[in-house]
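Right, one structure below, let's go through it.
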Amino acid sequence: MVDERDRVLGQRSRGAVYARGLRHRCAAIQVRDPEGRIFTHRRTPGKLIFPGMYDPVVGGVLGAGETYDEAALREAEEELGVHGLPRPVHRFTYLFDGAGTAGQGWFVAVYEVVCALPVRPQPEEVDWHAFLPEAELERRLTEWDVVPDGLETHRRLRDWRHAAR
């Protein structure tokens with residue numbers, strides 16, 4: 001759990017954090033293949049939060065004592081089912097307001113990484129996946145039920161990339 005300035009206040013289980021709407025930390029990683037296509041997936045129906053929804057990023061909640069950088073690499077490798085991924089590059093951090101969820105939102109550290117390895121996503125986490133060209137992903141995001149923080153992260157990263165040009 002963290003305060004409004006992202007300072008650690010204590011620890012609670014993931015279930016308690018979600019149930020009580022406590023502010024916490026997450027890492028979100030946009031994964032591209034060497035051709036520039038973006039890894040996109042659908043979460044399994046059994047997920048605790050946003051079950052069955054599509055997500056244009058991978059990631060998750062930081063563990064106790066874990067840094068954003070450590071979580072970004074761990075989460076990317078876990079969700080993609082790979083080992084030896086390059087260290088994801090941090091781009092920015094923002095406070096997601098929790099859109100449609102109970103609570104105070106969560107801090108999202110946003111990363112990018114290129115994955116040239118064959119992916120084998122965890123079947124308990126991922127129902128479907130593909131590397132999509134950016135234009136196709138943008139079209140599908142208007143049609144799909146998308147994880148709210150994943151969608152916001154994707155849009156902020158796209159805007160950040162355009163501003164950096």
Side-chain angles (χ1 to χ4, degrees), residues 11-19 24-94 96 99-101 106-161:
Q11 302 173 17
R12 294 285 187 278
S13 71
R14 184 176 307 193
V17 165
Y18 290 146
H24 57 284
R25 292 175 166 171
C26 294
I29 308 93
Q30 183 180 76
V31 180
R32 291 181 183 258
D33 67 8
E35 289 79 43
R37 297 174 300 182
I38 299 171
F39 181 83
T40 306
H41 66 285
R42 184 177 58 237
R43 298 165 62 87
T44 57
K47 293 292 287 178
L48 181 60
I49 186 168
F50 307 126
M53 296 176 77
Y54 290 88
D55 203 341
V57 297
V58 300
V61 175
L62 274 65
E66 191 173 39
T67 67
Y68 281 117
D69 288 352
E70 291 165 343
L73 181 59
R74 176 185 54 77
E75 286 285 350
E77 287 189 336
E78 282 178 6
E79 288 196 33
L80 297 171
V82 301
H83 295 287
L85 192 66
R87 182 165 295 282
V89 178
H90 181 257
R91 296 304 186 197
F92 54 86
T93 301
Y94 73 96
F96 180 71
T101 64
W106 48 90
F107 282 94
V108 181
V110 180
Y111 292 80
E112 291 183 302
V113 70
V114 174
C115 178
L117 303 166
V119 299
R120 291 176 219 80
Q122 295 177 311
E124 62 274 8
E125 302 259 343
V126 176
D127 254 358
W128 169 91
H129 72 279
F131 280 96
L132 300 176
E134 195 160 353
E136 181 178 348
L137 175 60
E138 290 295 333
R139 182 177 51 76
R140 289 189 181 198
L141 290 176
T142 65
E143 302 166 358
W144 286 339
D145 193 14
V146 183
V147 173
D149 62 332
L151 181 60
E152 181 156 341
T153 296
H154 171 76
R155 288 179 175 159
R156 285 177 180 247
L157 189 54
R158 180 192 60 208
D159 294 346
W160 177 87
R161 200 176 300 105

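Side-chain atoms are counted along with the backbone in the values below, which use heavy atoms only and exclude waters and symmetry mates. One is the number of the first residue; the rest follow in order along the sequence.
P51 and P45 get closest at one heavy-atom pair: CB-O, 3.1 Å. For P88 against I29, the heavy-atom pair with the smallest separation is CB-CG2, 4.3 Å. A pairwise comparison of heavy atoms in H154 and P56 identifies CB-CG, 3.7 Å as the closest pair. Minimum heavy-atom separation, A27 to L62: N-CD1, 3.8 Å. For the residue pair V108 and A28, the shortest heavy atom distance occurs at CG1-CB, 3.7 Å.
Side-chain contact between D127 and R43: absent, with no pair of heavy atoms (C-beta onward) separated by less than 4.5 Å. Side chains of L141 and L151 form a contact here, defined as non-hydrogen atoms less than 4.5 Å apart. Side-chain contact between P86 and V114: absent, with no pair of heavy atoms (C-beta onward) separated by less than 4.5 Å. Residues E75 and V58 are not in side-chain contact: their nearest non-hydrogen atoms beyond the backbone lie 4.5 Å or more apart. For the pair H41/V126, a side-chain contact is recorded, criterion being any heavy-atom separation below 4.5 Å from C-beta on. Counting heavy atoms from C-beta on, the side chains of V113 and L85 come closer than 4.5 Å. A 4.5 Å side-chain heavy-atom check between L80 and P121 finds every atom pair outside the cut-off. Side-chain contact between F96 and C26: absent, with no pair of heavy atoms (C-beta onward) separated by less than 4.5 Å.
Ring centroids of H24 and F107 are separated by 6.0 Å or more, keeping the two rings apart.
Ring geometry for Y111 against H90 counts as perpendicular: the plane angle is over 60°, on a 0 to 90° scale with 30° as the lower cut. Between F92 and Y94, the two ring planes are tilted [angle within 30° to 60°]. The aromatic rings of W144 and Y54 lie parallel to each other, their planes meeting at an angle below 30°, with 60° marking the opposite boundary.
One finds no salt bridge joining E66 and R25 here, because no Lys/Arg side-chain nitrogen approaches an Asp/Glu carboxylate oxygen to under 4.0 Å. Salt-bridge formation is detected for the pair R91/E112: a Lys NZ or Arg NE/NH1/NH2 atom is positioned less than 4.0 Å from an Asp or Glu carboxylate oxygen. Salt-bridge annotation for E70 and R74: absent, with no side-chain N of the basic residue lying under 4.0 Å from a carboxylate O of the acidic one. Ionic pairing of R37 and E134 is not present here: no N-O contact between side-chain nitrogen and carboxylate oxygen is shorter than 4.0 angstrom.
Atoms CG and CG, on L117 and D33 in that order, are 11.5 Å from each other to the nearest 0.5 Å. One finds the CD atom of E79 at 7.5 Å from the CG atom of D55 (value rounded to the nearest 0.5 Å). Note: L132 CG to F39 CZ = 10.0 Å, rounded to the nearest 0.5 Å.
Each of T40, V31, I38 was compared with F131 under the side chain to side chain contact (heavy atoms under 4.5 Å, CB included) criterion, and only V31 meets it.
By the side chain to side chain donor-acceptor pair (under 3.5 Å) test, E77 pairs with no residue at all, sequence neighbours left out.
R158 and Q30 share no donor-acceptor pair across their side chains, judged by distance under 3.5 Å alone.
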Derivation and outcome, side chain to side chain contact (heavy atoms under 4.5 Å, CB included), residues V110 and T153: CA-CA 7 Å; V110 180; T153 296; 3.8 Å; yes

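Summarising the local packing, CZ of R161 is surrounded by more than 12 heavy atoms from other residues, nucleotides or ligands at distances under 6.0 Å.
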